[in-house]
Colleague: 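Before I ask anything, here is the structure I am working with.
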Amino acid sequence: MKDNCIFCKIANGEIPSHTLYEDEDFRVIFDLGPATKGHALILPKKHYDNIYALDDETASKAFLVAKKMAVAMEKAFAADGFNIVQNNGEPAGQTVFHFHMHLIPRYKGDNAIDFWKPGSTTDEELTILEEKVKKEL
Ligand code: 5GP
Ligand code: ZN
């Protein structure tokens, strides 16, 4: 646990929360400022600042929890769609610096999330970007 991290405290039960799901590694809670009805968060019990800090095992398990919750929440809330969102770094919208995944049920016409406007690119640019990424893998 990291000192003064609100999500460490919630994930480890130091601060009580409505818990939708819990296992050895994760707690799933409702977001206090929900984008839609049922918006929830997957919190690992161990502290990781962001996705870059995650170990492979936790990353794999997190997505299994996301799948399990999406299936259950879609049914429970009769959702028409579902977004899984995960922000890293301030420019990407991260405000709590303890890794978490957003589970956002969507309802027809909710207009709850406006992610991005499609831009444009070129084959040359994509070739350069592809090479840059491959060097880091
Ligand atoms: P981020 O912007 O970092 O991806 O998401 C942080 C989310 O945590 C926001 O959607 C915000 O509403 C939610 N949040 C912030 N503080 C608390 C809290 O104390 N309890 C809960 N349940 N959610 C919180
Ligand atoms: Zn933390």
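In listed order, ligands and their atoms are each counted from 1.
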Colleague: Quick one: does G93 get an N or O within less than 3.5 Å of an N or O on ligand 1?
Modeller: yes
Colleague: With respect to the Zn ion (ligand 2), what is the nearest N, O or S atom of H98?
Modeller: ND1
Colleague: For ligand 1, is there an N or O atom under 3.5 Å from any N or O atom of Q94?
Modeller: no
Colleague: Counting from 1, what ligand 1 atoms have a heavy atom of G33 closer than 4.0 Å?
Modeller: 12 (O)
Colleague: With rounding to the nearest 0.5 angstrom, report the CG to NZ distance, D3 to K9.
Modeller: 7.5 Å
Colleague: Starting from atom 19 (O) of ligand 1, locate the nearest protein heavy atom and write down its residue, its atom name and how far away it is, to 0.1 Å.
Modeller: I6 CG1, 3.7 Å
Colleague: Number the atoms of ligand 1 from 1 as they appear, then name those within less than 4.0 Å of a heavy atom of I10, with their elements.
Modeller: 19 (O), 20 (N)
Colleague: Can you report which non-hydrogen protein atom sits closest to atom 15 (C) of ligand 1, along with the distance?
Modeller: V96 CG2, 4.0 Å
Colleague: Could you check whether any side-chain heavy atom of I104 comes within less than 4.5 Å of a side-chain heavy atom of F82, counting everything from C-beta outward?
Modeller: no
Colleague: Ignoring hydrogens and geometry beyond distance, is a side-chain donor-acceptor pair present between Y107 and T36 at under 3.5 Å?
Modeller: no
Colleague: Report the name of the N/O/S atom of H47 located nearest to the Zn ion (ligand 2).
Modeller: ND1
Colleague: Do the non-hydrogen side-chain atoms of K134 and E130 ever get within less than 4.5 Å of each other?
Modeller: yes
Colleague: Is it the side chain, the backbone, both or neither of F30 that has a heavy atom closer than 4.0 Å to ligand 1?
Modeller: backbone
Colleague: Does any donor atom in the side chain of N50 or Y48 lie under 3.5 Å from an acceptor atom in the other side chain?
Modeller: no
Colleague: Please classify the Q86 to ligand 1 contact at 4.0 Å (heavy-atom distances, strictly less than): side chain, backbone, both or neither.
Modeller: neither
Colleague: For this output row, return yes or no: ring centroids of H98 and H100 closer than 6.0 angstrom.
Modeller: no
Colleague: Are any of the side-chain heavy atoms of L41 and H102 separated by less than 4.5 Å?
Modeller: yes
Colleague: If the test is side chain to side chain contact (heavy atoms under 4.5 Å, CB included), which one of V65, N83, I42 qualifies with L103?
Modeller: I42
Colleague: On a heavy-atom basis, I'd like to know which of I29, D31, L32, N50 is closest to atom 7 (C) of ligand 1.
Modeller: D31
Colleague: Distance to 0.1 Å, residue and atom name: give those for the protein heavy atom nearest to atom 1 (P) of ligand 1.
Modeller: H100 NE2, 3.2 Å
Colleague: Measuring from non-hydrogen atoms of I15 to any atom of ligand 1, is the shortest distance under 4.0 Å?
Modeller: no
Colleague: Note the single closest protein heavy atom to atom 16 (N) of ligand 1, along with its residue, its atom name and the distance in Å.
Modeller: F7 CE1, 4.2 Å
Colleague: Flag the pair F30 / L20 as yes when at least one side-chain heavy-atom distance between them is below 4.5 Å, and no otherwise.
Modeller: yes
Colleague: Heavy atoms, side chains only, cut-off 4.5 Å: are M1 and K46 in contact?
Modeller: no
Colleague: Run the numbers for me: atoms of ligand 1, each under 4.0 Å from some heavy atom of H102, listed by number.
Modeller: 1 (P), 4 (O), 5 (O), 7 (C), 10 (O)
Colleague: Give me the nearest non-hydrogen protein atom to atom 3 (O) of ligand 1 as residue plus atom name, then the distance to 0.1 Å.
Modeller: T95 N, 2.7 Å
